[in-house]
Structures are given as structure tokens and as C-alpha cells.
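Written below as C-alpha cells is the structure these notes are about.
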Amino acid sequence: MTHIHDTIVSLQHSSPAQKEFYQAVEEVLTSLAPLIESNRQYQEQAIIQRIVEPERQIMFRVPWVDDAGNVQVNKGYRIEFNSALGPYKGGLRFHPSVNASIIKFLGFEQIFKNALTGLPIGGGKGGSNFDPKGKSDGEIMRFCQSFMNELYRHIGPVTDVPAGDIGVGAREIGYMFGQYKRLTGRYEGVFTGKSLLWGGSLARKEATGYGAVYFAEYMLNDRQDSLKGKKCLVSGAGNVAIYAIEKLYHKGAIPVSCSDSKGTIYHEQGIDLELLKQLKEVKRTSLEDYLHTYPEAVYTPASDYPSDGHAVWRYQADAAFPCATQNELTLADAQALISNGCHLISEGANMPTTQEAVNAIIDSRIAYGPGKAANAGGVATSQLEMAQNASMQNWTFEKVDTHLQAIMKDIFISANETSKEFGQPGNLVLGANIAGFRKVADAMIEQGIV
Ligand code: NDP
């Protein structure tokens with residue numbers, strides 16, 4: 001469709017060298033074609049052109065001093081993408097790969113994901129190319145304080161509420177919140193993913209991983225199937241992967257793999273969850289150490305991965321849960337999964353599947369939950385944390401988890417019904433993109449040209 005094609009070409013000129021951002025925009029816009037074609041108002045109001053342009057982009061210097069007394073400098077970002085439905089909401093990522101393209105792709109995806117939850121939150125994302133790995137606690141604290149010295153003036157409980165993402169957990173949120181409080185003198189719900197000691201929500205830590213598994217279960221139930229007894233491949237070994245594995249066990253499934261940036265573990269009898277938590281949440285060490293306890297498990301270092309993909313997706317399994325990072329599942333990986341009998345993919349990570357792989361998966365008609373639907377449990381529970389902070393309440397784990405399940409079910413129904421409405425039943429990429437986009441676009445029209 002020329003309208004969409006023109007928008008992408010014009011983005012490539014106005015925002016050069018942002019390949020992950022173009023990938024996310026192309027994926028969303030392509031699936032919106034049937035809606036845009038049937039609705040002239042979206043074209044007249046230039047909704048597409050407006051929605052691909054962030055409302056505000058903040059980029060800043062983050063200087064800090066390492067333990068050896070050397071001055072270090074990193075880049076900081078906060079992309080306030082769209083506030084049609086509520087305050088900007090989205091995580092902060094600290095990883096050496098972070099750049100404007102990655103933060104913009106994540107912020108763009110966040111708009112539609114947040115809309116899909118049905119909760120009053122807009123979309124944003126931020127982060128830094130700072131690498132927390134191998135840093136001392138003191139270095140992490142000094143970096144977080146410096147990052148907040150600039151960011152504090154742009155965020156607030158009714159304007160922009162960041163959370164965690166890769167490399168940002170409760171420790172980093174704690175240091176950033178401490179500095180925010182010191183700079184502003186205000187104790188308020190400006191972050192989610194906080195410690196339970198000072199305003200965090202039970203079940204927030206578990207929410208993204210649990211949510212991706214709930215979503216998988218709803219997809220299978222719709223096909224008169226369930227996760228019980230299913231052999232599952234999981235990638236990642238961080239917050240999302242660990243709690244996806246935990247919920248898979250609750251559902252009677254057998255998660256047999258996990259991975260980190262250095263390699264993949266495959267353990268036929270099922271991943272030892274407590275050991276995984278010990279290695280990654282407590283010791284923060286490499287997955288290779290899993291072999292000290294289970295020498296019979298298989299460890300494949302990243303240097304031995306196939307040239308066209310990743311070891312984790314080359315095992316036989318019934319279901320796959322990509323929970324590490326973007327573009328970690330290639331076309332060759334998707335073909336291997338499908339030919340090995342995998343009939344469900346539920347994305348815990350953001351955009352883990354390349355565009356060619358997504359097309360092959362949709363064509364195969366296996367159950368496929370795209371990240372913006374399947375991993376929306378994290379941001380949904382963040383909003384529940386905001387609701388608890390605003391009303392000065394602490395809900396029980398069960399209450400938050402019950403809300404989470406209901407939200408994941410609503411997201412599945414909304415994406416599934418929309419896929420039927422547009423003549424492509426079961427295509428949840430199209431369903432989720434259109435369902436999310438419609439809410440944001442209609443709100444933008446009602447709020448005028450702003
Ligand atoms: P964590 O930092 O807790 O864990 C990330 C995991 O992925 C780690 O095991 C890490 O390995 C691995 N990883 C990260 N980058 C790479 C890379 N370039 N190559 C290979 N492996 C890599 O992050 P989360 O679990 O929070 O996030 C995982 C994904 O889920 C991301 O895509 C994030 O955007 C998405 N997400 C997270 C939400 C949340 O609530 N946390 C909400 C919605 C989506 P290592 O241990 O070696 O660093």
C-alpha cells in the first residue's frame with residue numbers, strides 16, 4: 001500500500017540508520033493495511049505519519065566515575081512516544097547494544113502493547129548503552145544516580161513512569177528512585193518494578209513470564225489443547241525467562257532449555273529452576289556453571305551456534321518461548337522449530353523474531369503470540385502497581401495474579417476477535433496490531449492535531 005510504503009521511505013530519510021525501528025514500524029504498518037484502506041479518516045488525519053514520530057526524544061550525557069577513579073561517559077535516552085491513552089509508560093534498558101534505533105523500536109511497540117492491555121497508559125522507553133555486567137555495586141549506584149540527574153526533570157507519576165527491562169532490575173530501580181527522591185524531595189510512584197519494601201507490587205517480578213505462559217495457554221485452549229505435558233524451549237535466563245519457566249512447571253509443562261548471551265543449556269529432564277535462580281538472580285554468573293550440578297545437561301557456547309541462527313531453537317519440542325532479546329529467532333530457526341513439530345510460539349521478549357521468520361510462522365498456521373500481546377503482562381502489572389501506589393494499598397499476590405490472568409485473557413480475545421473481523425482468523429500479529437492501533441488512533445483523533 002503506497003501510503004504505508006511512503007511513510008517508511010520518509011522515515012528512512014528523516015531518521016537515518018535506525019534499522020530496528022524501521023523493522024518494528026514495517027511490521028505494524030503492514031498488518032494495518034486492511035484497516036487503513038477501509039478508514040479514510042486515519043489517512044485524512046495523518047495518523048500514521050503522526051504515530052511514527054515520537055512526541056519527545058530526550059538524549060543526554062551520563063558521566064560517572066568507576067572504582068579505579070576513571071571518568072566514564074555513557075549515552076542516556078528517554079523516548080516519550082505517545083501519550084494519547086495516558087502517561088508514557090515503558091522500561092529502561094541498560095545494555096551495550098542500546099542506541100536510538102533500539103529505544104525507538106521498543107517505544108513504538110510499547111504504544112500498541114499498552115493500548116492492548118485496556119489500561120490508561122501511553123507508550124515510552126528509555127535506557128543507556130551502559131553495561132551493568134561486571135560492575136561493582138558502587139559503580140552501578142553512581143551510574144544510576146548520574147542517569148537520574150538528568151532524567152528526573154522529565155518523569156513523574158502522571159507524566160512518565162519508567163520501569164525495568166534488560167539490565168535494569170530492582171537494584172537499579174532502587175538507586176534511581178533514591179536519587180529522584182533526593183533531587184525532587186517527593187516520595188511518589190514515579191517508577192514501577194520497585195522493591196516490595198517501598199511501594200512495589202507483589203507478582204510484578206513474575207508478571208511478564210507468567211503472562212506469556214497464560215497467553216500460550218489461552219491460545220492452546222482455543223485449539224482444544226493445553227500446555228500440560230508439553231516439552232517447551234525457553235531462551236533467556238533473566239527476569240522474563242525465569243518466571244516463564246516457573247509458570248510452565250505450574251501448568252504441568254516441561255521447560256528443557258534456557259540461554260544467556262554466552263550460550264545455551266538443554267536439559268532433557270527439565271531445567272532446575274531453583275539452580276537457575278541461584279545462578280542468575282543471586283550469583284549473576286554464566287549459565288555454563290549449570291554443568292557443575294548437572295554434567296549430563298548439554299551446554300552450547302554462542303561461538304558454536306549455527307551460522308544462520310541459534311542452538312536453542314534446533315531441539316525438538318512442542319512449544320517455544322523466546323524470552324531473551326530482539327531478533328533471536330531467525331527464519332532458519334523458525335523452519336527448524338516447525339519441521340520438528342513445534343506448534344506454539346509465545347514471545348516473552350520484544351520483537352525476538354525476525355520479519356522473515358514471522359512470515360513463515362504465520363504461513364504455517366501454528367499458534368503464534370507476538371510479543372506486544374504475549375508479553376504485555378509486565379506493563380499491565382506495572383499499571384496495577386501504579387493503582388496500588390495511588391490508592392495507598394498493597395494487594396495480595398493472588399489478587400494481582402487474578403487481574404493479570406484476566407488481562408491476558410482479554411488481550412487474547414481482543415487480538416483473536418480482531419483477526420476474525422479482518423478475515424484472517426488466528427493471525428494474532430494482525431489482530432494485536434489493529435486492536436492496539438485503533439484505540440490509540442481514535443483517541444488521537446478525539447484529542448485534535450497535537
Ligand atoms: P534480563 O536482563 O533480566 O534478561 C535478559 C536475558 O537475555 C539474559 O539472560 C541475557 O543474557 C539475555 N540477553 C540479553 N541480551 C542478549 C543478547 N544480545 N544476546 C543474547 N542474549 C541476550 O531482561 P528481561 O528478562 O527483563 O527482558 C528480556 C526480554 O523481555 C527483552 O526483550 C525485554 O524487552 C522483554 N520484556 C521484559 C519485560 C519485563 O517486565 N522485564 C516486559 C516486557 C518485555 P545475560 O544473562 O548473559 O546477560
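Both ligands and their constituent atoms are indexed starting at 1 by order of listing.
- Residue pairs meeting the side chain to side chain donor-acceptor pair (under 3.5 Å) criterion with at least one partner in residues 245-256, sequence neighbours excluded, are Tyr210-Glu246, Tyr214-Lys247, Glu246-Lys277, Lys247-His250.
- At a heavy-atom distance under 4.0 Å, no atom of Pro352 approaches ligand 1.
- Atoms of ligand 1 found under 4.0 Å from any heavy atom of Gly167 (numbered from 1 in listed order, with element): 2 (O).
- For Gly348, the closest heavy-atom approach to ligand 1 falls below 4.0 Å.
- Note: Ile111 CD1 to Glu55 CD = 8.0 Å, rounded to the nearest 0.5 Å.
- Within the 4.0 Å heavy-atom shell around ligand 1 one does not find Met351.
- If you take CD1 on Ile58 and NE2 on His154, they are separated by 4.5 Å, rounding to the nearest 0.5 Å.
- Of all protein heavy atoms, the one closest to atom 11 (O) of ligand 1 is Ser261 N, 3.2 Å.
- A salt bridge between Asp137 and Arg142 is absent, with no side-chain N of the basic residue lying under 4.0 Å from a carboxylate O of the acidic one.
- Counting atoms of ligand 1 from 1 in the listed order, those under 4.0 Å from a heavy atom of Arg204 are 40 (O).
- A salt bridge links Glu27 with Lys372; the closest basic N to acidic carboxylate O contact falls under 4.0 Å.
- The residue His310 has no part lying near ligand 1, judged by heavy-atom distances below 4.0 Å.
- Considering only non-hydrogen protein atoms, atom 3 (O) of ligand 1 sits nearest to Asn239 N, 2.9 Å.
- In terms of protein heavy-atom proximity, atom 33 (C) of ligand 1 is closest to Asp165 OD1, 3.1 Å.
- Taking the six-membered ring wherever Trp is involved, the centroid distance between the rings of Tyr290 and Tyr299 does not fall below 6.0 Å.
- Proximity of Ser259 to ligand 1, defined as any heavy-atom pair under 4.0 Å, is confined to the backbone N, CA, C and O atoms.
- Ligand 1 has no nitrogen or oxygen under 3.5 angstrom from a nitrogen or oxygen of Gln326.
- Among protein heavy atoms, atom 32 (O) of ligand 1 sits closest to Asn350 N, 3.1 Å.
- Using a non-hydrogen distance threshold of 4.0 Å, Lys280 registers as a contact of ligand 1.
- For atom 9 (O) of ligand 1, the nearest non-hydrogen atom of the protein is Ala237 N, 2.9 Å.
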Take Asn114 and Thr117 through the side chain to side chain donor-acceptor pair (under 3.5 Å) test and state the conclusion after the steps. CA-CA 5 Å; Asn114 292 2; Thr117 66; 5.8 Å; no

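- With ring centers used as reference points, Phe105 lies 6.0 Å or more from Tyr22.
- The shortest heavy-atom distance from Lys133 to ligand 1 is under 4.0 Å.
- For atom 16 (C) of ligand 1, the nearest protein heavy atom (residue, atom name, distance) is Thr325 CG2, 3.7 Å.
- In this structure, atom 28 (C) of ligand 1 lies nearest to the protein heavy atom Ala324 O, 3.2 Å.
- Cation-pi geometry between Lys135 and Phe130 is met: under 6.0 angstrom from the ring centre, within 45 degrees of the axis.
- The shortest N/O to N/O separation between Lys125 and ligand 1 does not fall below 3.5 Å.
- At a cut-off of 3.5 Å, with distance as the only test, a side-chain donor of Lys104 or Gln18 sits close to an acceptor on the other residue.
- Ring-plane geometry between Phe215 and Phe412 is classed as perpendicular, the angle between the planes exceeding 60 degrees on a 0 to 90 degree scale with a lower cut at 30.
- Scanning all protein heavy atoms for the shortest distance to atom 37 (C) of ligand 1 gives Val240 CG2, 3.5 Å.
- Look at Lys19 and Glu26 and you find no salt bridge, because none of the NZ, NE, NH1 or NH2 atoms lies under 4.0 Å from a carboxylate O.
- Judged by the shortest distance from any of its heavy atoms, Ser97 lies outside the 4.0 Å radius around the atoms of ligand 1.
- Both the backbone and the side chain of Asp260 come within 4.0 Å of ligand 1, judged by heavy-atom distances.
- Residue Arg93 touches ligand 1 through its side chain alone, judged by heavy-atom distances below 4.0 Å.
- Aromatic ring centres of Phe147 and Phe94: separated by under 6.0 Å.
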